[in-house]
Amino acid sequence: WKIDPIVRSLIDTDFYKLLMCQSIFRNRPDTSVVFSLINRTTRVRLADLIDEGELREQLDHVRSLSLRRGESTWLRGNTFYGKRQMFRPDFMEWFEALHLPPYHLEKRDGQYELTFEGKWPEVMLWEIPALAVMMELRSRAVLKDMRKFELQVLYARGMTRLWEKIERLREIPDLKIADFGTRRRHGFMWQDWCVQAMQEGLGDAFIGTSNCRIAMRRDIEAIGTNAHELPMVLAA
């Protein structure tokens, strides 16, 4: 898995997280927060499905990541929402030096309780990779006993179903649609395939993806502005 990890980059995240992070970095850099990942679907006992050692390996890998030179150049020099240099130099210098802070993991009643504590700009960037890791490990656990041809047929059916949806979407006049699938994705490679399928199948009706790494690799728009995290924390 070290050749093919679940989270490949600090920008394998949603674009709006980076926009919010810059705002928080400039306006509330010393605010201390505690965020937790909680599985609301308690009938799905994630701690029974997902091996704790594998989960820790993937989370530790995320902590080892730092911004790469090409990723920094893309963020510094690209045009987002028609604006160049949306990410300011002081934020970029901070981001380039960042490693995500420690996590706290416990098992309780068939669930994992995953908690992050520290300065708001650092801790908030755990949200998307933590969710992506948990979701993909669940997917792998569900598929682990399937054999080679069963898996090939499963993915062929998935590709067919997606393409059928794309064909239906093509019939909608003036459609504008974007991908926001990172936090609940089956896996990075599946999300990347789906984005490419929508690019080819929908043309200009497909306006981009929230995933920064995929947007950079596929030369498409990074989409997203802000989320409910901002008013929630400020209200608290």
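Quick note: numbers below take in every heavy atom, side chains included, and nothing from hydrogens, waters or symmetry partners. Quick caveat, the model's predicted, so the values are computed rather than measured. In what follows, residues are counted from 1 in the order of the sequence shown.
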*Is the closest side-chain donor-acceptor distance between Glu229 and Trp120 under 3.5 Å?*
yes

*Could you list all the side chain to side chain donor-acceptor pair (under 3.5 Å) pairs where at least one residue sits in residues 77-92, not counting sequence neighbours?*
Arg26-Asp90

*Under the side chain to side chain donor-acceptor pair (under 3.5 Å) rule, what pairs show up with a residue in residues 170-188, not counting sequence neighbours?*
Asp12-Arg185, Asp14-Thr182, Tyr16-Arg183, Glu127-Arg183, Ser139-His186, Tyr155-His186, Asp179-Gln191, Asp179-Thr209, Thr182-Gln191, Thr182-Asn211, Arg185-Gln191

Heavy-atom check, side chain of [X] versus side chain of [Y], under 4.5 Å:
{"X": "Leu114", "Y": "Tyr103", "answer": "yes"}
{"X": "Arg28", "Y": "Leu234", "answer": "yes"}
{"X": "Ser32", "Y": "Lys119", "answer": "yes"}
{"X": "Arg138", "Y": "Ile50", "answer": "yes"}
{"X": "Glu122", "Y": "Leu100", "answer": "no"}

*asked:* Tell me whether the count of non-hydrogen atoms from other residues, nucleotides or ligands lying under 6.0 Å of CG in Asp219 goes above 12.
replied: no

Looking at [Y] and [X], is any side-chain nitrogen of the basic one under 4.0 Å from a carboxylate oxygen of the acidic one?
{"X": "Arg161", "Y": "Glu164", "answer": "no"}
{"X": "Arg69", "Y": "Glu96", "answer": "no"}
{"X": "Arg218", "Y": "Asp192", "answer": "yes"}

*Short side-chain to backbone donor-acceptor contact, Ser23 and Met20, under 3.5 Å*: no

*Take Glu113 and Ser36, measure what side chain to side chain donor-acceptor pair (under 3.5 Å) needs, and give me the verdict at the end.*
CA-CA 7 Å; Glu113 292 190 1; Ser36 295; over 6 Å; no

*Sequence neighbours left out, what passes ring-ring contact (aromatic ring centres under 6.0 Å, His included) with Phe80? Give chain and number order.*
Phe15, Trp74, Phe87

*Could you tell me if the ring centre of Trp94 sits under 6.0 Å from that of Phe25?*
yes

